Amino acid sequence: MTSADRPVRPARTTRSAPAQESRAEIWSNAKYTLYWESVSRADLPPIRMAATRTSRSMTSLHLLSLGACCLLLPASVRASTATAERLDLTGQSIGYTALALFGLAYLLVMAEEFTNLRKSKPVILTAGIIWGLVAWEYRGTGMSHVVEAAFRHNLLEFAELFLFLLVAMTYVNAMDERQVFETLRSWLVHRHCSYRLLFWITGCLAFWLSPIIDNLTTALVMCAVVLAVGKHNQRFVGLACINIVVAANAGGAFSPFGDITTLMVWQKGLIPFSKFFLLFIPSLVNFLVPAVAMHFFVPRGVPHAGGKTTHLHRGAKMIIALFALTITTAVCFHNFLHLPPMLGMMTGLAYLQLYGYYLKVTHRPLERNSGRYGVVGDILPISGRERPFDVFARLARAEWDTLLFFYGVVMCVGGLGFIGYLAMTSEALYGTIGATGANILVGILSAVIDNIPVMFAVLSMNPDMPQGQWLLVTLTAGVGGSLLSIGSAAGVALMGQARGKYTFFTHLKWTPVIALGYAASVLVHMWVNAGSYAIPAGSP
């Protein structure tokens with residue numbers, strides 16, 4: 001058995017004597033400190049405690065996702081004599097009820113396209129019920145503080161990722177308002193490219209843009225280009241959309257900013273920022289294998305392109321530069337100052353706010369004799385060039401459903417982990433079939449279930465794996481969603497945008513070729529990054 005595939009020892013939960021002190025006594029002894037050690041490695045699901053460095057979930061999206069700092073609860077301190085015991089609820093009715101509720105909630109999430117029920121609603125409700133049931137079970141045991149501390153830990157995981165993603169989404173919305181993406185679409189449409197050339201241009205742009213902006217936004221922009229020039233050729237639209245989904249997911253896998261799952265791994269401190277780029281070649285292989293196969297089925301000819309030309313609005317280039325500076329700030333804060341990347345992103349939000357103030361005070365209003373002077377923009381719309389820039393309007397247009405969905409997922413998975421199911425799963429997967437098999441299975445599972453809860457569950461299990469295996473699960477969770485159209489946010493969004501032309505069954509016809517690219521990317525990673533399997537997780 002090779003070192004890369006040897007069974008991984010999941011962290012085990014040790015049992016100790018029940019807590020003897022009341023919650024009031026604990027807080028009086030520890031004053032303004034967090035009663036933490038009693039619920040740390042011995043009592044919570046095996047979660048690596050990278051406390052002061054960063055817990056990067058996500059934040060990890062994309063989406064990224066994603067992890068969270070901090071309800072400003074004070075520093076961790078020993079709680080003198082008391083140690084708490086976590087109850088094993090996996091075989092009790094409360095555990096089965098929690099599993100059934102989570103399964104029902106996720107069925108509603110998967111049926112969002114048909115029910116029009118936003119995916120955040122069922123998981124938020126389920127999270128509240130699960131933690132409420134757990135707290136009810138612990139009442140009267142003298143260990144209610146254990147449940148509270150566990151919930152706060154999961155909330156911290158979410159909060160850091162939430163703030164990171166909120167800033168990234170605000171920048172993307174600001175660039176969209178300044179016509180950055182529409183200008184790119186207009187430029188491509190007027191190049192008069194052939195169908196095959198456009199197939200490769202949109203695919204390559206999706207691959208290179210998704211590591212910088214999220215893969216969902218990238219896919220939507222490229223799909224708009226495809227629909228603008230080839231809407232009358234259904235075969236071209238279908239193949240181009242498949243190519244865009246695969247490319248966007250593959251490109252997002254080798255960057256901490258490309259997907260919420262990569263963001264979560266980075267913020268957790270398991271893989272340094274620079275080591276993510278070791279996945280570039282495997283990700284490229286994952287994109288190229290199905291793209292080359294589909295190339296020969298793309299129709300020949302040059303589509304007719306029309307429509308007016310779009311130009312950037314004032315300040316667009318500076319906002320792009322500020323976004324790059326914000327990402328640089330986040331990376332520097334994390335790598336050199338050992339601060340959460342979220343702090344760098346929030347600092348970058350201030351860049352945008354200050355520049356937005358400059359755009360607002362230097363905005364040239366409409367002429368008094370223009371006939372539209374005094375018209376309220378949200379009643380009688382004013383064109384983008386005439387409307388002053390408002391950073392808080394961009395903030396309000398963030399993908400709140402996605403952010404709240406991530407809250408629900410983190411809390412649901414955290415509750416199931418506290419009950420004990422993640423420890424059982426970790427033992428069954430990583431302790432039985434080995435790290436390599438388990439990590440490949442994670443990618444296949446991501447084709448059916450959204451990769452955010454899958455990756456968060458793996459991070460909560462925290463199996464003892466080398467850096468090479470963490471890179472592998474990051475790769476598989478990112479590109480595994482390409483196997484089915486419902487496996488990623490990009491695929492689901494494009495099914496709506498190109499309704500009737502790109503469907504579940506259109507994508508399913510090419511799943512064997514995409515699976516070939518998936519297998520090839522895994523093998524290439526194990527070959528070119530073999531040295532990373534000897535490096536412990538978190539090492540620079």
Side-chain angles (χ1 to χ4, degrees), residues 45-51 53-70 123 153-169 210-211 214-216 249 252-273 275-276 279 327 330-331 334 340-345 399 402-414 417 422 426 439 442-443 445-446 449-463 465 467 469-481 488-489 537-538:
I47 298 175
R48 188 182 304 275
M49 302 177 66
R53 294 183 52 140
T54 183
S55 80
R56 163 76 174 103
S57 62
M58 193 302 163
T59 195
S60 196
L61 143 18
H62 97 181
L63 255 237
L64 45 151
S65 18
L66 301 234
C69 181
C70 289
V123 291
H153 175 80
N154 283 277
L155 186 61
L156 180 145
E157 287 286 321
F158 165 75
E160 186 175 310
L161 181 58
F162 167 80
L163 293 174
F164 189 106
L165 288 174
L166 185 62
V167 176
M169 289 177 176
S210 57
D214 66 280
N215 50 8
L216 174 59
N249 290 335
F254 71 87
S255 166
F257 303 96
D259 190 54
I260 294 179
T261 55
T262 58
L263 191 58
M264 288 192 290
V265 174
W266 180 45
Q267 283 209 169
K268 199 75 173 179
L270 297 168
I271 303 175
F273 182 84
K275 293 299 179 68
F276 278 92
L279 294 176
I327 293 176
V331 173
H334 182 60
M342 171 275 302
L343 181 59
M345 293 297 286
E399 288 288 337
T402 298
L403 294 172
L404 293 175
F405 168 72
F406 189 67
Y407 163 81
V409 165
V410 168
M411 293 307 164
C412 284
V413 174
L422 293 188
S426 179
N439 291 334
V442 164
L445 191 61
S446 296
I449 302 176
D450 191 275
N451 59 1
I452 295 174
V454 172
M455 178 56 84
F456 186 76
V458 173
L459 292 172
S460 299
M461 295 175 200
N462 193 26
M465 300 191 299
Q467 200 170 94
Q469 291 290 0
W470 281 110
L471 285 169
L472 175 61
V473 74
T474 300
L475 173 69
T476 57
V479 304
S488 65

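Residue numbers run from 1 in the order of the sequence given. Given the structure is predicted, the values throughout are model-derived calculations rather than measurements.
- Listed here is the closest heavy atom pair of Asn439 and Gln469: ND2-OE1, 2.9 Å.
- One distance of note links CH2 of Trp266 with OG of Ser255; it measures 9.0 Å at 0.5 Å rounding.
- Here the closest non-hydrogen pair linking Met455 and Val473 is CE-O, 3.6 Å.
- Note that OG1 of Thr474 and CD of Gln467 are 10.0 Å apart. Values are rounded to the nearest 0.5 Å.
- Between Tyr407 and Phe158, the ring centre distance stays below 6.0 Å.
- One distance of note links CZ of Phe164 with CE of Met345; it measures 4.0 Å at 0.5 Å rounding.
- Rounding to the nearest 0.5 Å gives a distance of 11.5 Å between CE of Met342 and CZ of Phe162.
- Listed here is the closest heavy atom pair of Val458 and Trp470: CG1-CZ3, 3.9 Å.
- Of all heavy-atom pairs between Thr262 and Gly252, the closest is CG2-O, 3.5 Å.
- Here the CG atom belonging to Leu475 is positioned 11.5 Å from the CG atom belonging to Asn249, to the nearest 0.5 angstrom.
- Residues Pro341 and Ala330 share a closest heavy-atom pair of O-CB, 3.6 Å.
- Closest approach of Phe273 to Val331, counting heavy atoms only: CE1-CG2, 3.4 Å.
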